[in-house]
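Structure first, then comments.
Nothing fancy with the numbering, it's 1 onward along the sequence.
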Amino acid sequence: MLDPMSRQLEGRAAIVTGAGRGIGRGIALVLGNRGASVAVCDLDEQNAKAVAEEINAAQGKAISGLADVTSKKSIEEFTARAISEFNAIDICVANAGVIGAAGYTERRDYTDADWDITYGVNVRGLVNTAEAIIPHMAERRYGRIINISSHGGRAPAGVSTGRGTVGMPYSVSKAAAIQWTHALAIKLGKFDINVNVVCPGKLWTPMWETISMQIHLQDPDMADLTPREVFDLQIEKDVPLGRPQTPEDIGRAVAFLASDDASEITGQALNVNGGTRMN
Ligand SMILES: NC(=O)c1ccc[n+]([C@@H]2O[C@H](COP(=O)([O-])OP(=O)(O)OC[C@H]3O[C@@H](n4cnc5c(N)ncnc54)[C@H](O)[C@@H]3O)[C@@H](O)[C@H]2O)c1
């Protein structure tokens, strides 16, 4: 069946970072399905290529490539390529994110490396991604920048309190992503560039597989549960709607913010979390 909103982004072009899997993949597929051309990039070039192939196979239009958002040069090069392939870019989704440094599941408490990598990707990565596209959008006096934060950026998370402090750098970096969105929206309003942020709740992606494994290994109360059971318990206890979100749920929220229906919305943080946080 045709998606009833299928023409919503006809004629638009988008960049999505970290789009090789998980939420980024879901966002790229929804944007492609709604008629946008999509430049799919990721640290994992093969995954990005596979997502672009999925979009092209479904009669969409996509290109793919490697882009490391922690490197200004890398994201600038990919952005320049996307602009030249599609003539213009209307939508930029800064989705790439990390939960922490290598060895996350094996420790209860954060290390310097957790602070460095979460700030490098989840904060500086958003800044690098926006800075790569702002000159182009400002010149065209049109643009939609959509950042991906987390409900963890709204309030420290956790049904499981026995897991230690290892999740703190992630939550703090995601709060910074919200503040970055507010500041950028004020700065770019005069160019008709809307900047918003989506705060997903809990989705069973490789990121939550890592979190669940950490809880399973580090919280004695959760030791008898498998990682998937840990996740399901979080959903049962923490989510009023009683179910996890899907990458497509996040993609539909992004598509709305990228559409003309959202032209008067800027500087906002949109929760897509089944009710876990209401601020
Ligand atoms: N899964 C959840 O429940 C959840 C909840 C709230 C927010 N989020 C956020 O949504 C976004 C996507 O999360 P996910 O669950 O799909 O995670 P994921 O780990 O499944 O996927 C993240 C993707 O980002 C890519 N990436 C990592 N570092 C990168 C870099 N330096 N440059 C470019 N790409 C890089 C990875 O290669 C991967 O493809 C993240 O920002 C995450 O913080 C996820």
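- Note on V51: it clusters hydrophobically with L9, by side-chain heavy-atom contacts below 4.5 Å among ILVMFWY residues.
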How far apart are the C-alpha atoms of D109 and T165, what are their side-chain angles, what is the distance that settles it, and do they pass the side-chain hydrogen bond (donor to acceptor under 3.5 Å, both in side chains) test? CA-CA 4 Å; D109 295 314; T165 62; 2.9 Å; yes
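- Side chain of T210 to main chain of P206: a donor-acceptor pair is present (N/O by atom type, distance under 3.5 Å, no hydrogens or angles).
- In this structure the side chain of I91 never reaches within 4.5 angstrom of the side chain of I15, judged on heavy atoms.
- Considering all non-hydrogen atoms of both residues, P240 and G274 come closest at CD-O, 3.3 Å.
- Of the N and O atoms on the side chains of S173 and N122, at least one donor lies less than 3.5 Å from an acceptor on the other residue.
- Pairs of residues two or more places apart, or lying in two chains, that qualify as salt bridge (Lys or Arg N to Asp or Glu O under 4.0 Å) and include a residue from residues 9-23 are R7-E10, R12-D260.
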Stepwise, does the side chain to side chain contact (heavy atoms under 4.5 Å, CB included) test hold for W204 with R228? CA-CA 9 Å; W204 186 248; R228 180 65 210 211; 3.1 Å; yes
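- Hydrophobic clustering (ILVMFWY, side-chain heavy atoms < 4.5 Å, transitive): F191 and V195 are in one cluster.
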Derivation and outcome, side-chain hydrogen bond (donor to acceptor under 3.5 Å, both in side chains), residues R154 and N271: CA-CA 9 Å; R154 297 291 216 176; N271 293 330; 3.1 Å; yes
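- Atom CG of N279 sits in a crowded spot, with more than 12 heavy atoms from other residues, nucleotides or ligands closer than 6.0 Å.
- Although no hydrogens or angles enter the test, the distance criterion places no donor-acceptor pair under 3.5 Å between the side chain of D114 and the main chain of P169.
- For residues 47-101, the set of pairs meeting the ring pair (Phe, Tyr, Trp, His ring centres under 6.0 Å) definition, not counting sequence neighbours, is empty.
- Side-chain contact between V16 and L31: present, with at least one pair of heavy atoms (C-beta onward) separated by less than 4.5 Å.
- Going from atom CD1 of I211 over to atom OG1 of T105 covers 11.5 Å, rounded to the nearest 0.5 Å.
- In the hydrophobic clustering of ILVMFWY residues, with side-chain heavy atoms under 4.5 Å counting as a link, I23 and V38 come out together.
- Using a 4.5 Å cut-off on side-chain heavy atoms (C-beta onward), S149 and C199 make contact.
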Should N147 and T181 be marked as a side-chain hydrogen bond (donor to acceptor under 3.5 Å, both in side chains) after you check the CA-CA gap, both sets of side-chain angles, and the distance that decides it? CA-CA 7 Å; N147 296 317; T181 302; 3.0 Å; yes
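- Closest non-hydrogen pair, A262 versus N194, comes out as O-ND2, 3.4 Å.
- The residues K49 and E53 are annotated as salt-bridged, a charged nitrogen and a carboxylate oxygen being separated by less than 4.0 angstrom.
- Proximity of N196 to L270: side-chain heavy atoms (C-beta onward) are nowhere separated by under 4.5 Å.
- The cluster map of Ile, Leu, Val, Met, Phe, Trp and Tyr, joined by side-chain heavy atoms under 4.5 Å apart, puts I235 and V230 in the same cluster.
- Listed by first then second residue, pairs satisfying salt bridge (Lys or Arg N to Asp or Glu O under 4.0 Å) with a partner in residues 171-200 number zero, not counting sequence neighbours.
- Linking Ile, Leu, Val, Met, Phe, Trp and Tyr whenever their side-chain heavy atoms come within less than 4.5 Å puts I265 and V93 in one cluster.
- Between E54 and R25 there is a salt bridge, since a side-chain N of the basic residue sits under 4.0 Å from a carboxylate O of the acidic one.
- A salt bridge is defined here as a Lys NZ or Arg NE, NH1 or NH2 lying under 4.0 Å from an Asp or Glu carboxylate O, and K73 with E77 meets this definition.
- Counting all heavy atoms, side chain and backbone alike, P227 lies closest to M213 at CG-CE, 3.8 Å.
- Using a 4.5 Å heavy-atom threshold, the side chains of T17 and I75 count as touching.
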Derivation and outcome, side chain to side chain contact (heavy atoms under 4.5 Å, CB included), residues L225 and I215: CA-CA 10 Å; L225 303 181; I215 296 171; over 6 Å; no
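- Looking at every heavy atom in both residues, G125 comes nearest to T129 through O-OG1, 2.7 Å.
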What do the steps show when you test I55 against L29 for side chain to side chain contact (heavy atoms under 4.5 Å, CB included), and what is the final call? CA-CA 6 Å; I55 294 170; L29 294 180; 3.7 Å; yes
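- Under the 3.5 Å distance criterion, the side-chain polar atoms of D42 are left unmatched by any main-chain donor or acceptor of E45.
- Residue-environment remark: CZ (R243) stays at or below the threshold of 12 foreign heavy atoms within 6.0 Å.
- For the pair T266 and A185, the tightest heavy-atom approach, listed with the atom from each and the gap, is OG1-CB, 3.6 Å.
- Between I178 and G153, the shortest heavy-atom contact is CD1-O, 3.8 Å.
- For the pair R108 and V166, the minimum side-chain heavy-atom distance is 4.5 Å or more.
- Counting only residues at least two apart or in different chains, salt bridge (Lys or Arg N to Asp or Glu O under 4.0 Å) contacts with residues 129-142 comprise K72-E131, D90-R140.
- Using a 4.5 Å cut-off on side-chain heavy atoms (C-beta onward), E209 and F231 make no contact.
- The CG atom of D249 sits 5.0 Å away from atom CZ of R252, with the distance rounded to the nearest 0.5 Å.
- Of the possible donor and acceptor atoms, none in the side chain of S64 sits under 3.5 Å from a partner among the backbone N and O of C41.
- Atoms CH2 and CG, on W180 and L126 in that order, are 8.0 Å from each other to the nearest 0.5 Å.
- For residues 237-257, there are no ring pair (Phe, Tyr, Trp, His ring centres under 6.0 Å) pairs, not counting sequence neighbours.
- A donor-acceptor contact shorter than 3.5 Å is absent between the side chain of N95 and the backbone of I148.
- Residues Y170 and M207 meet the side-chain proximity criterion, which asks for heavy atoms closer than 4.5 Å.
- The distance from atom CD1 of I83 to atom NE2 of H136, rounded to the nearest 0.5 Å, is 4.5 Å.
- Taken from OG in S263 to CG in L257, the straight-line distance is 11.5 Å, to the nearest 0.5 Å.
- Evaluation of the ring pair (Phe, Tyr, Trp, His ring centres under 6.0 Å) rule for Y110 yields W115 as partners, not counting sequence neighbours.
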Could you check I145 against I133 for side chain to side chain contact (heavy atoms under 4.5 Å, CB included), going step by step and ending with a plain yes or no? CA-CA 9 Å; I145 296 173; I133 197 69; 4.3 Å; yes
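- In this structure, CD1 on I250 lies 5.0 Å from CG on L203, to the nearest 0.5 angstrom.
- Within a 6.0 Å radius of CZ in R107, more than 12 heavy atoms belonging to other residues, nucleotides or ligands are found.
- A donor-acceptor pair shorter than 3.5 Å cannot be found between the side chains of S71 and D68.
- Using a distance-only test at 3.5 Å, with no hydrogens or angles considered, no donor-acceptor pair links the side chain of N273 to the main chain of G201.
- Under a 3.5 Å cut-off, the side chain of Q218 and the backbone N or O of G162 do not form any donor-acceptor pair.
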